[in-house]
Structure formats: C-alpha cells, structure tokens
Amino acid sequence: MESLTKELKVRIIETLRLEDITPGQIDDDAPLFGTGLGLDSIDALELVAMLENSYGIVIKDLEEGRPAFQSIRVLANFIQAKRTS
Amino acid sequence: MAARSPVITGLGIVAATGCGVGATWNAIRAGVTGLKPLTLFSCPRYSQALAGEAQSDLAALGAPAHGSRSDKLGWLATREAVAFAKIDFKTCAERAGVVLGCSVGGSFDSERFLTTLIKRGKMRARPTRFHECVSVVDLIADQFGLFGPSMAISTACSSGALAIATAAEMIQAGEADVLLAGGADSLSRMTWAGFHSLLLVDEAGCRPFDAGRAGTSVGEGAGVLVLEAEEFARRRGATILARLSGWGASCDAHHATAPHPEGAGAVAAMQAALRRAGLESSAINYVNAHGTGTRDNDLAESKALKTVFSNRVPPVSSTKRFFGHALAASGAIEAVVCVEALQRQEIPPNPGFTTLDPAIGLEPVTTLRSASLTHVMSNSFGFGGNNAVLIFSQPETPALTRPPRPGPVAITGIGVVGPGAVSVREIEPLLPPETVTVHSCGTLADAALLTPNQRRRLSRMVQMALIAARRSHAHDSSQRLAVAMGTGLGCLEEGAVFIENFISHDGRAPMPSRFSGSVHNAAAAQVAIDLGAHAMNSAPTAGEISFECALWQGLHQLATDEADAALVGAVDELNKYPLSIGKRWGYWTGQAHPGEGAVVARLTRTESAVTPLAHVTTVRLGRYRRPFDAEREADWIAKAVDLETVDVVLSGAKGWPALDANYATVVAALSARAGRTLEHQTYKQLCGEFHAASAFGFSVAVELVRQGHRGVLLYTLSPRGAKALSCVQA
C-alpha cells in the first residue's frame with residue numbers, strides 16, 4: 001500500500017507537471033483539489049487518463065471519479081479495490 | 001448605412017445528413033439523424049460512439065483531388081452556395097473574399113504523415129502541405145478568383161459563427177461587397193480522441209437538453225453563406241434569402257474548456273447581437289441553440305436564454321443530433337439551417353430530447369412545426385469561453401445596424417517576446433540529421449510574471465502570448481477589452497504530442513489537457529482569462545498576414561464601439577515540426593532562418609488615449625495577382641494611404657529571392673508615385689521567419705515612428721496569395 005501511494009505521488013507530479021513539488025511534500029491525507037495541491041477540473045481529467053493509462057481503470061463520468069480523488073490515500077484504496085474486484 | 005447591410009444570397013452545406021441544402025432539409029423534415037458508426041478511421045479505444053461523419057469519398061461528390069478533407073468539405077459547400085447566388089466573380093473579384101471558421105484544418109491528413117513517421121520511420125511531408133486552417137480559404141479564393149480579404153477564424157466551436165460575424169463587419173465597413181463566409185472542419189483522430197478524453201462524448205449520440213444527456217457527438221462538415229452588401233446584391237438583381245441583422249461576440253474569460261456556469265458570456269453575446277440588430281428580445285421567433293448535449297453547456301445555455309428572454313424563451317431547438325458537433329463548421333451549418341428555416345417558415349426539431357431536465361426547465365421543439373418566423377437567433381459557443389451569436393431576419397425587415405465610426409486608433413502599449421539571439425537551438429529533430437540556425441526566444445525570461453499553474457499548464461506559445469499581453473496592458477476591469485491574437489500554426493506542439501501519443505499507443509493513453517491546449521485560440525483565451533477581457537475574442541489565422549487580420553478585427557471592435565480597448569497581436573512557436581518539415585521543403589535556405597515570438601499591442605480610440613506611442617491609420621487585407629503585378633499593388637496601396645505622410649516601407653522580405661524581388665519592385669513603384677525615394681526596410685533578419693513575424697514588424701514600425709519617422713507602411717505578402725497593408729503614424 002505504501003509503495004502504491006509513493007508511486008501515485010510520482011505519477012501525479014509527472015502527469016500534472018508539478019515541477020516544484022516533491023513526492024515527500026504531498027501528504028497522504030491532504031485534499032488534492034481546492035486547497036491542498038490546488039488542482040482543478042482539467043487536472044481531474046488528467047488523473048482520469050492517468051488511471052486508465054497506468055492502472056487500466058476506465059472512468060466514464062467525472063462524478064464517478066470525484067470521490068476517489070479526495071486524497072492520495074483514498075485514491076490508493078480505490079485502485080486497490082478495483083484491482084481485487 | 002442600410003446600403004451596406006449584409007444580406008444572404010446563397011447557401012451551401014455538406015454534413016452527416018448529406019450534401020446540399022435540399023438533402024439536409026429532407027433529413028430534418030423526416031427527423032433522420034446523420035449519426036452513425038465511425039468508418040473514416042479506426043479507433044479501437046473509442047469505437048462505440050456514433051459519429052457525425054459525412055460521405056467518406058468526397059471526390060465522388062466532385063471535390064478537388066488535392067487538399068485536406070476539411071478543404072474538400074469547404075469547397076463542396078462553397079460550390080453550392082456560389083451556384084445558389086448565381087454570382088459571377090469576374091465582375092467583382094477585387095471586392096470579393098473568403099472568411100471561414102476552421103479549427104481542425106488539415107489535421108486528419110497530417111495524422112497520416114505522423115503515422116508513417118512513427119510506424120515506418122519515413123518522413124512523407126506531402127499530407128502536411130494542407131495542414132494550416134487557412135488552407136481551405138486559400139483554395140477557395142484561388143479556385144473562384146477572389147482578390148478581396150481572405151482569412152480563417154479559429155476559435156474552436158464558435159469559429160464558423162465568428163467568421164460570419166467578421167465577414168458581416170467587413171461588408172458593413174466597406175472592405176468587400178461579397179464574402180463567402182462560413183466554416184469547414186473534418187473529423188480527425190485528434191478531435192475524436194480529444195473529446196472522449198475530456199469525457200464529453202455520449203456514445204449513444206448527443207441528446208441536447210435531455211435530462212439524461214451525457215455528452216456530445218463529434219462530427220464534421222461545412223456550411224457556407226454568400227454574404228453581400230444589400231445595395232450590391234440589389235443592383236445585380238440577386239434574390240435575397242435573408243438579412244444578417246445582428247451579430248455579437250463575447251468571451252467568458254473563465255475557463256479553458258468549461259462554460260461560465262451562469263452563461264454570463266453567452267448572455268453578453270446574445271444581448272450584443274440584439275443591440276446590433278436594434279431588436280428587443282421579444283422579437284426573436286426561434287433560437288437555434290448551441291445545445292451540444294454536454295451537461296455543462298446545455299445547463300449554462302438554458303440559464304443564459306432565460307436571462308436574455310426574461311423567462312419568455314421563444315421556441316428553441318438544437319440540431320446537433322442531426323449533424324453531430326461539426327466544431328468550427330457547426331455555427332456555419334446552423335446558420336444555413338436558420339436561413340432555410342426563415343425561407344420555409346418551419347422550425348427544425350431537436351432530436352434526442354425525451355425527458356425534461358428540471359435543472360434546465362426548458363422543453364425544446366421536438367417535431368418540425370410551421371411557424372411565422374421573422375427573426376431567428378443562432379448560438380455558438382467554443383472552448384476558451386468564446387461566444388458568437390447571429391440573428392437572421394426576413395429580407396423585408398429594415399436594416400438597423402449601427403454604422404461603424406472608423407478613424408485612427410492610438411497604440412498605448414506594446415509587448416514583445418522576441419528572439420534574444422541567433423542560435424542553433426537544440427530541438428529534437430523528427431529524423432536526423434537536422435541542424436538549423438534559428439532565432440529563438442530561448443528560456444522565457446519573464447516567465448516569473450506567470451502563476452505556477454500557468455507555467456505548468458500552458459504551452460510555450462501561450463506563455464509567450466501572455467507575457468507580451470501583460471507587458472502591453474495594465475489590468476483595468478472598468479474597460480471592455482477585446483482580444484485578437486493571430487497565429488499561423490497555432491499550438492502545434494500540443495496537438496502533435498497528443499496525436500503522436502495516440503498513434504504510438506493505438507488510441508489508448510489520452511491526454512486531455514494537451515487536447516484542450518491545442519486549439520488555435522488557446523493564447524487569445526488565456527490572455528482574456530488573465531486580463532479579464534470579456535469583449536470579442538478572436539484567433540484569426542492566415543499565414544503571414546495573421547497579425548494584420550487580428551489588427552483589423554481589433555480596430556473594428558473599437559470602430560463599432562463594442563470595446564473600449566483591444567489587445568491585438570500574433571504568436572507562433574518554434575518546434576521540431578516547422579523546423580523539420582520546413583527544411584524538407586527547402587524553406588530554410590539562403591537567408592531564411594526559422595524564428596518565433598509574440599507581440600501584443602494595446603489599442604484605444606484616439607480620444608481616450610492619454611499618452612499614445614503612435615497611431616494606426618490604415619489596415620487593408622486582400623490577395624495579389626499571379627504573376628505578381630507591382631503596379632497594381634502600388635495602386636492598391638496608394639489608394640489606401642496618403643504616400644505624402646510615409647517615409648519607410650517595412651516589408652516581410654525573408655531571403656527568398658523571388659518573394660523579396662516582389663517587395664522591392666512595389667517599393668520602387670511607390671517611390672515613383674510619391675516622387676521621392678521611400679526607404680525600404682526589413683525586419684525578419686532580426687526576428688527570423690515565422691507566420692506571426694509581421695507582428696514583430698509592427699513593433700519595429702512603432703519604434704521607427706517614435707524615433708521621428710512620420711509614417712511607416714507595413715506591407716506583407718503570404719506565398720499563398722494573401723497580402724496586407726497597415727500604416728503606423730505619429
């Protein structure tokens with residue numbers, strides 16, 4: 001699980017071109033959108049694409065993906081659940 | 001001014017519903033959608049959705065063999081419109097031109113080039129010859145022998161409507177008597193996968209305004225109107241189909257892809273169109289909505305309609321399910337639908353709607369019905385919050401459009417992002433070996449002006465434009481600010497990365513922000529968001545004269561009092577595509593070196609300028625004859641500018657002997673007319689060669705005037721036939 005959260009941080013930084021942020025600066029429980037990392041709706045679409053490209057998880061509606069994007073930890077759990085289901 | 005009121009005398013259309021106005025209306029009357037499974041190319045990842053695909057073999061319909069698919073679509077619609085109007089261009093060639101909306105351009109054909117490059121390691125550059133959005137415009141102007149203004153407008157999904165609005169302004173301002181106006185866009189892997197990656201596609205086909213709507217359907221096609229000055233049309237005995245009585249443009253200045261949630265920009269554009277037409281909202285009998293079928297657009301548009309029509313919304317329908325969303329062509333296709341609705345006194349239905357959405361609270365017309373139609377409105381909204389609204393009226397209605405107030409305009413600020421030095425730029429070549437001496441802006445020194453989100457999200461080209469705009473203009477929210485940013489190649493890199501990735505992964509691995517950033521109007525839209533510019537927002541593209549087209553549009557927004565200030569400029573970026581492909585075609589030989597840059601000038605009306613740097617007194621657009629006729633060109637210039645007040649001619653000479661010789665002979669002919677030697681200066685040795693370079697020339701002209709020259713004439717020729725003239729004076 002820890003390796004997945006670390007991997008997610010690296011992928012998010014790469015996908016969203018967050019050049020001035022290191023994985024260590026992202027808190028597992030900090031909100032990704034709004035405050036926290038301050039991401040927006042286009043970033044959300046990039047995360048949807050990232051989930052498909054890296055984990056084979058297809059999300060067809062942003063509303064469906066929204067709860068999963070609360071934080072790194074929630075997202076990791078979401079991926080884990082999809083993998084085992 | 002009634003004499004110069006724009007009227008419509010011809011219509012042409014090709015779309016998923018077929019080729020021709022008759023076939024289109026038959027489909028509308030029968031309620032038969034043109035949506036069907038995609039056949040034009042294979043896309044295994046997104047294979048389920050229905051497409052608004054036109055006939056795959058356009059040559060069978062009589063389209064020319066050369067040109068991109070967009071070019072052919074545009075040509076077919078133009079052929080019908082011209083035959084409809086029964087116009088002989090031989091008698092009015094100098095006063096006739098083309099303004100078309102185009103956003104996909106030759107992408108569909110360029111994808112073939114990239115596929116060959118990636119899959120087979122071979123560079124077959126031929127398909128990219130028609131890549132530029134202006135290709136369709138040049139093709140049509142050449143085929144029909146038109147020598148008036150020609151340009152493409154590339155503001156994504158509002159392009160077609162904004163092109164028609166721009167053409168109307170040109171007619172009204174006396175720039176031309178006849179214009180072919182509309183839009184053309186083909187399907188492409190780029191837009192197909194791009195809309196999917198933004199989660200904006202309803203696989204079952206779009207269902208505009210329906211409670212269950214889940215996205216749009218990507219389509220293609222072309223729509224073309226023959227637009228004439230009323231007096232000109234009446235004199236030649238043409239049948240007038242309708243009057244283009246109003247048009248309005250605005251920008252949400254809110255978000256790159258999402259509309260303003262309350263539809264604020266849509267409201268402003270509809271109100272501007274009503275104002276221009278001199279109509280109360282209650283006079284509108286039917287609205288052809290943008291109605292894409294996405295959750296956000298339809299909700300925002302319905303709110304905007306209720307605001308504009310004070311909750312007494314006239315019959316509304318979206319015809320998107322007939323055609324799919326044909327992007328830059330959609331506004332033009334829907335303009336054809338609106339004129340035909342007026343002609344037939346029938347309201348087209350809104351297929352796909354079954355269930356009322358309480359949040360929308362608006363039930364569109366679901367079956368074709370007869371109605372008494374005098375004034376109808378057509379809405380088009382695009383990425384970047386770009387809105388354009390047209391109002392068509394019965395020919396008997398009076399023309400009420402306000403006349404423009406032309407006159408000199410003050411330049412109150414100028415921002416330049418130009419090359420720091422001539423260098424051999426390290427650019428990853430398409431195929432080795434490729435070393436080219438370039439004029440590069442290098443690392444953008446003023447990038448610190450931008451926010452972290454702008455730096456990480458926006459392409460190099462958009463960043464250059466933003467920095468130039470910031471340097472030219474101090475934010476002032478009390479002013480109505482228009483933006484026109486020309487570009488020749490647009491955000492080529494964003495689109496190419498997207499499609500390279502698509503090809504390498506067989507359609508998997510979508511990149512949504514690369515797609516939304518690939519539109520030509522990304523720079524204009526981001527400048528608007530950055531500086532709060534809510535008036536007209538345009539991205540003209542016309543090769544070497546892209547800047548002058550933007551200058552014309554900005555000046556005209558001031559002349560019609562639609563804006564208090566206008567930011568006009570142009571931008572193009574240097575990357576491996578123009579470098580490598582240009583080298584293959586022998587562009588970078590002799591003294592021609594590739595360059596890049598962005599220039600933005602801030603304009604206001606003379607009376608409201610406190611400390612002007614200089615003034616713009618003239619802008620003219622047109623096309624030159626081949627073989628090149630320097631005397632004819634000198635006549636054209638001398639008619640537009642008082643040569644007494646001009647010291648310097650600043651030309652776009654770029655180290656190509658044949659083109660440069662044309663400039664030299666024109667300067668000589670002008671000197672003969674002036675009775676003294678006009679100084680011939682050039683600027684591309686400073687900034688390099690790129691489509692937006694004449695914007696850099698404009699900044700040089702301003703500087704020359706500030707150094708004491710009375711007047712500088714900027715004269716630009718595009719190798720593809722377009723020309724432009726502008727004059728900067730003290």
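Keep in mind that this is a model prediction, so the values were computed, not measured. The sequence lines fix the lettering, A, B, ..., with proteins before strands; numbering per chain opens at 1.
Residues from residues 67-83 of chain A never place a non-hydrogen atom less than 4.5 Å from a non-hydrogen atom of chain B. Residues of residues 24-31 of chain A never come closer than 4.5 Å to chain B when only heavy atoms are counted. Contacts between residues 53-63 of chain A and chain B, counted as heavy-atom pairs separated by less than 4.5 Å, involve A:Asn53, A:Val58, A:Ile59, A:Lys60, A:Asp61, A:Leu62.
Of the charged side-chain nitrogens involved, at least one lies within less than 4.0 Å of a carboxylate oxygen, so that A:Glu52 and B:Arg45 count as a salt-bridged pair.
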Output a table of donor-acceptor pairs, distance under 3.5 Å, between side-chain atoms of residues 36-51 of chain A and any protein atom two or more places apart or on a different chain; print 'none' if there are none.
| from | atom 1 | to | atom 2 | distance (Å) |
| --- | --- | --- | --- | --- |
| A:Asp40 | OD1 | A:Ile42 | N | 3.2 |
| A:Asp40 | OD1 | A:Asp43 | N | 3.2 |
| A:Asp40 | OD1 | B:Arg457 | NH2 | 3.1 |
| A:Asp40 | OD2 | B:Arg457 | NH1 | 3.3 |
| A:Ser41 | OG | B:His255 | NE2 | 3.0 |
| A:Asp43 | OD1 | B:Arg456 | NH1 | 3.0 |
| A:Asp43 | OD1 | B:Arg456 | NH2 | 3.4 |
| A:Asp43 | OD1 | B:Arg457 | NH2 | 2.5 |
| A:Asp43 | OD2 | A:Asp40 | N | 3.0 |
| A:Asp43 | OD2 | B:Arg456 | NH2 | 2.8 |
| A:Asp43 | OD2 | B:Arg457 | NH2 | 2.9 |
| A:Glu46 | OE2 | B:Ser513 | N | 2.7 |
| A:Glu46 | OE2 | B:Ser513 | OG | 2.4 |

